[in-house]
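Each remark here refers to the structure printed beneath this line.
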Number of protein chains: 2
Amino acid sequence: MTTIRDVAARAGVSVATVSRVLNGSGYVGKDTEIRVKKAIQELNYRPNTVARSLANRKTGTIAVILPDIMNPFFSELARAVEDTARDGGFTVIFCNSDDLGTREQHYIEVLRQKYIDGIIFASNSMGEDDIVYMNENRIPIVVLDRAPGKSGCTVIRSQNAAGAVMAVRHLMETGCRKIAHIAGPGELITAQERLRGYRKAVKGFTWFDESLIVPGHFSIRGGERAVSGLLERHPDVDGIFAGNDLMAIGALKALQRMGRKIPRDISLCGFDGVEMSEWTEPELTTIAQPIYEMGRKAATHLIARIRGKAVKEDILELDVRLVERNSTRRRKN
Amino acid sequence: MTTIRDVAARAGVSVATVSRVLNGSGYVGKDTEIRVKKAIQELNYRPNTVARSLANRKTGTIAVILPDIMNPFFSELARAVEDTARDGGFTVIFCNSDDLGTREQHYIEVLRQKYIDGIIFASNSMGEDDIVYMNENRIPIVVLDRAPGKSGCTVIRSQNAAGAVMAVRHLMETGCRKIAHIAGPGELITAQERLRGYRKAVKGFTWFDESLIVPGHFSIRGGERAVSGLLERHPDVDGIFAGNDLMAIGALKALQRMGRKIPRDISLCGFDGVEMSEWTEPELTTIAQPIYEMGRKAATHLIARIRGKAVKEDILELDVRLVERNSTRRRKN
DNA sequence: GTGAAAGCGCTAACAC
DNA sequence: GTGTTAGCGCTTTCAC
């Protein structure tokens with residue numbers, strides 16, 4: 001293991017000088033710089049990041065806490081975060097919380113001890129007090145999908161309610177007369193907002209009934225389960241807006257097994273726009289969030305904060321868009 | 001930020017003693033231990049992991065280098081690794097290589113500088129020399145899906161060739177008379193082995209022809225593309241063995257769009273057993289690898305090596321199994 | 001049993 | 001411009 005001292009010796013200078021050329025800080029004579037670089041080259045010297053971190057309290061590492069990397073939404077998000085982090089010279093640690101509070105606490109503690117430079121919270125049960133804790137410890141954070149909070153941190157969200165309205169409107173415009181909603185878990189703000197959008201869009205229609213809202217789990221199984229009960233109560237449902245794509249895919253499967261043709265008998269619209277929504281047959285109409293973009297923005301903002309750039313502690317609300325595919329009927333022109 | 005010195009002061013002992021109780025190393029009087037613990041408690045002291053790492057050259061961090069976290073095979077693998085690492089008190093960094101050699105080199109260098117404790121290589125273009133390099137730097141590694149190598153490191157693999165044979169046999173047993181293979185990229189050992197298995201299984205059958213082997217890309221698109229050319233050349237194909245599940249799903253989509261009924265007209269068998277293979281309609285028959293298990297084993301072995309346990313530098317070859325679902329016809333009993 | 005002190009490898013005042 | 005040196009916070013000999 002060659003150290004900065006070895007390089008200094010070989011170049012006939014002090015460690016301070018080597019450190020200077022390494023970091024491009026302070027003044028270094030042109031010729032000495034060359035000597036040092038040569039020595040570095042010859043010794044194939046690589047600075048020890050840990051020592052560096054200890055000295056200047058920066059680890060060049062950020063973390064992303066998410067419910068489950070196997071969920072395609074989060075793997076796309078993670079991918080975006082890593083790509084962006086890499087470009088910025090950062091490395092990323094990932095943590096699967098399964099939305100377990102205890103696990104999140106565990107990670108927060110471990111990451112703090114590791115002098116992590118910043119954290120992206122995409123895990124939903126992350127509480128207000130956690131944010132306060134991070135602030136106290138001066139660890140920059142970016143939070144996804146949270147209510148416009150008071151606490152000082154960037155929040156990245158998308159237009160869940162507006163998207164839900166778009167979904168329902170689209171279903172109506174393509175001929176649906178009775179539209180159900182498979183809702184995500186009530187604790188999650190995204191689920192709440194999408195439900196709110198659904199309610200807003202169906203308000204006033206005589207066919208609407210509370211029992212058209214069925215609870216799901218933001219998972220394939222959740223969508224599958226929701227469907228059977230729904231069709232028993234409302235055999236005449238001809239449109240379903242699922243709270244996310246996984247549930248929509250589950251619903252699609254279940255409906256197909258029950259012999260319903262999609263979209264002939266029932267139209268189906270998801271939410272999220274995960275890549276997988278193109279892989280079903282028929283491909284899924286969905287309200288797409290700019291997932292990769294969200295991850296990129298989250299990482300960019302976090303890094304800006306880490307670098308001490310004055311970032312207004314703001315809410316970034318990204319647009320969603322309707323992606324018309326074949327699980328809903330074509331608009332009549 | 002409270003340090004070990006603060007704790008020492010408060011407990012009226014030296015930092016060495018505090019360190020001892022922290023690590024449970026050396027002798028510490030029962031009563032002093034209690035005093036120290038009390039001080040730790042009261043100050044809510046948490047040791048600084050970076051300083052610790054510098055002192056003892058262990059970071060408690062491992063890395064996993066994989067092609068793309070968005071690929072469901074790798075996200076399941078990553079999940080397994082993280083779960084296992086967490087249990088062992090480790091934290092995990094993930095790196096998307098896109099199978100780019102330059103990117104892999106970059107990561108290897110960065111990770112080395114970070115004093116990472118060990119690396120799991122699931123990125124396929126990782127070369128023999130990289131392994132040698134890691135050995136030289138005494139960084140324990142575990143490699144996935146590589147040929148039984150000479151170099152000293154654990155290799156985790158599954159029975160690709162045998163699995164391919166199972167796939168083809170299954171297709172034949174369920175009535176297929178002409179079976180094609182959509183192969184993965186030739187550089188990848190897994191693709192090579194599965195192709196070898198296919199060849200072995202179809203050898204001697206008069207219907208076999210080299211043009212029944214079509215190249216794909218281990219991606220959905222790869223499967224989609226492969227199908228059209230194949231059916232032009234061989235309209236009478238009635239069975240397809242795809243080199244992985246993604247390609248099988250792509251093939252399924254393409255076939256369904258072309259109006260072919262699966263499995264009535266054509267049977268389809270994939271490889272990998274990613275969770276997603278249950279999400280299609282019909283659900284995919286596939287040769288399942290124990291993906292989670294592979295990740296778990298990889299992490300377990302790596303950690304054992306890190307801890308200096310004498311691990312025989314061995315090859316772990318895991319079993320695959322046929323998962324019969326509805327993209328192939330039922331066996332006639 | 002416990003403490004003093006020398007590192008681990010690097011950065012950043014401060015002095016020259 | 002360059003060198004000296006005191007940390008960063010912890011571990012670990014080696015004395016006592």
Side-chain angles (χ1 to χ4, degrees), chain A residues 1-40 43-61 89 110 112-117 137-138 308, chain B residues 1-37 39-40 43-61 89 109-110 112-117 137-138 308:
Chain A
M1 163 107 283
T2 98
T3 78
I4 197 173
R5 237 171 288 275
D6 301 325
V7 177
R10 175 151 197 140
V13 298
S14 74
V15 294
T17 303
V18 178
S19 176
R20 287 192 192 99
V21 348
L22 241 31
N23 300 291
S25 58
Y27 299 82
V28 182
K30 197 63 201 158
D31 44 335
T32 36
E33 173 170 358
I34 293 176
R35 285 219 311 293
V36 170
K37 285 195 167 155
K38 186 151 154 287
I40 289 178
L43 295 170
N44 187 32
Y45 165 73
R46 296 277 177 274
N48 176 329
T49 318
V50 178
R52 214 172 233 186
S53 301
L54 184 58
N56 62 16
R57 333 184 122 247
K58 294 245 154 292
T59 54
T61 305
V110 169
R112 183 170 82 80
Q113 288 182 224
K114 289 213 172 191
Y115 266 60
I116 234 66
D117 288 342
N137 285 278
R138 322 196 130 258
Chain B
M1 162 109 281
T2 98
T3 78
I4 197 174
R5 235 170 290 276
D6 302 325
V7 177
R10 175 152 197 137
V13 299
S14 75
V15 294
T17 302
V18 177
S19 176
R20 287 193 191 98
V21 346
L22 242 31
N23 300 290
S25 59
Y27 299 80
V28 182
K30 198 61 200 158
D31 43 333
T32 37
E33 173 169 358
I34 293 176
R35 282 219 314 291
V36 170
K37 286 196 167 155
I40 290 179
L43 294 169
N44 187 30
Y45 165 73
R46 296 276 176 275
N48 176 330
T49 317
V50 177
R52 214 173 230 186
S53 301
L54 183 59
N56 62 17
R57 331 185 123 247
K58 294 245 156 292
T59 54
T61 306
E109 209 38 54
V110 170
R112 185 170 80 79
Q113 288 181 223
K114 288 213 172 192
Y115 267 61
I116 233 68
D117 289 340
N137 285 278
R138 322 193 132 262

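Order of the sequence lines fixes the chain letters, A, B, ..., with proteins taken first and strands second; residue numbering starts at 1 for each chain.
- Note on A:Ser53: nothing from the nucleic acid sits closer than 4.0 angstrom, heavy atoms only.
- Counting only residues at least two apart or on different chains, the side-chain hydrogen bond (donor to acceptor under 3.5 Å, both in side chains) pairs with a member in residues 23-32 of chain A are A:Ser19-A:Asn23.
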Give the B/S/- string for nucleotides 8-16 of chain D, one per nucleotide from 5' to 3', where a protein heavy atom under 4.0 Å of the base yields B, of only the sugar-phosphate yields S, and otherwise -. BBBSBB---
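- Between B:Asp117 and B:Thr59, the side chains place a donor N or O and an acceptor N or O closer than 3.5 Å (distance only, hydrogens not considered).
- Remark: A:Arg20 pairs with no residue by the salt bridge (charged side-chain N to carboxylate O under 4.0 Å, His left out) rule, at least two apart or across chains.
- Not counting sequence neighbours, the partners of B:Arg112 by the side chain to side chain contact (heavy atoms under 4.5 Å, CB included) test are A:Arg46, B:Glu109, B:Tyr133, B:Asn137, B:Ile139.
- Annotation: the terminal axes of the helix from C:dG1-D:dC16 to C:dC16-D:dG1 meet at 40°, where each axis is the rotation carrying the C1' atoms of four end pairs onto the next four (5 pairs per end, rounded to 10°).
- With sequence neighbours left out, the side chain to side chain contact (heavy atoms under 4.5 Å, CB included) criterion links B:Ala55 to no other residue.
- Here C:dC8 presents its C1' atom at 14 Å from NZ of B:Lys58, a figure rounded to the nearest Å.
- Listed by chain and residue number, A:Ser53, B:Gln113, B:Lys114 satisfy the side chain to side chain contact (heavy atoms under 4.5 Å, CB included) test with A:Thr49 (two or more places apart in sequence, or in another chain).
- Residues satisfying the side chain to side chain donor-acceptor pair (under 3.5 Å) test with B:Tyr115, not counting sequence neighbours, are A:Asn48.
- When the salt bridge (charged side-chain N to carboxylate O under 4.0 Å, His left out) test is applied to A:Lys38, the partners found at least two apart in sequence or on another chain are A:Glu42.
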